[in-house]
Amino acid sequence: DAKTTQPNSMESNEEEPVHLPCNHSTISGTDYIHWYRQLPSQGPEYVIHGLTSNVNNRMASLAIAEDRKSSTLILHRATLRDAAVYYCIPPSGNTPLVFGKGTRLSVIA
Amino acid sequence: SQTIHQWPATLVQPVGSPLSLECTVEGTSNPNLYWYRQAAGRGLQLLFYSVGIGQISSEVPQNLSASRPQDRQFILSSKKLLLSDSGFYLCAWSPGYYGYTFGSGTRLTVV
């Protein structure tokens, strides 16, 4: 799997946008970038994934750099329920997802 | 729609006792199935995965084993639990190698 680098923790105020960065400089040209999040005491849940162009869904947006060496998960309006550990995962080919340490997001009311 | 069931939710077992955790998936066929473990304060560790009946890949050689007796059933077992086996065990499925859905997990405490 490509090596990823994410900040250990981030903090956001409620109702404000949050930009969660991820560096994956060794990603191959065909590997998708996946984002999952894990709420306290729960299993991870899928957030979004993309290959080259930016992606949007009801949960978040994913901005992928043109050289694909980094991506940013964007939560447009953070809520208290978004407090979780966010994982950026670029799996290599047909291999199971390997979760790193992720970024712990705290949301302040 | 697809659902994943995992039980029990919590389990307290003595050291040296056996373990059997079961996971079943409904509403899909031939899913990829996974077992992960999360020790307290640690990250998620992939233990086993299966791409078909009877096909098990082990990522971590320990005193745990996995079996897939039916297409949508995945079982995690141990003959003798160790204190270090305590943790949060999560089963997951995916239609391919993307879009994982996790179960609600089993919190195992070995005493």
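Each chain gets a letter, A, B and so on, in the order its sequence line appears, and its residues count up from 1. Since this is a predicted model, take the numbers as computed values, not measurements.
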Solution key, residues 41-51 of chain A side-chain donor-acceptor pairs under 3.5 Å, sequence neighbours excluded:
unit_1, atom_1, unit_2, atom_2, d
A/E45, OE2, A/R37, NE, 2.6
A/E45, OE2, A/R37, NH2, 3.1
A/Y46, OH, A/H49, N, 3.2
A/Y46, OH, A/H49, ND1, 2.6

CG/A/D67: more than 12 non-hydrogen atoms of other groups inside 6.0 Å: yes
Is there a chain of hydrophobic side chains (I, L, V, M, F, W, Y, each step under 4.5 Å between heavy atoms) that links B/W7 to B/F74? no
Say whether B/Y36 and B/V51 are linked into one hydrophobic cluster, either directly or through other cluster members, by side-chain heavy-atom distances under 4.5 angstrom. yes
Tell me the closest heavy-atom pair linking B/Y100 and A/L97, and the distance in Å. OH-N, 2.9 Å
B/V111 with B/L64, same ILVMFWY side-chain cluster at under 4.5 Å: no
How long is the straight-line distance from CZ of A/F99 back to CD of B/Q45, given to the nearest 0.5 Å? 13.0 Å
Same hydrophobic cluster for B/F88 and B/Y49, using side-chain heavy-atom links shorter than 4.5 Å among ILVMFWY? yes
Could you pull out the closest heavy-atom pair between A/P96 and B/Y34, with the gap in Å? CB-CE2, 3.9 Å
Look at the aromatic rings of B/Y98 and A/H34 and report parallel, tilted or perpendicular, splitting at 30° and 60°. parallel
Contact part of B/R42 toward chain A, heavy-atom cut-off under 4.5 Å: side chain, backbone, both or neither? neither
Taking the side chain as every heavy atom from C-beta outward, state whether B/L90 and A/Q38 have any pair of such atoms under 4.5 Å apart. yes
Side chain, backbone, both or neither of B/L44 within contact of chain A (heavy atoms, under 4.5 Å): both
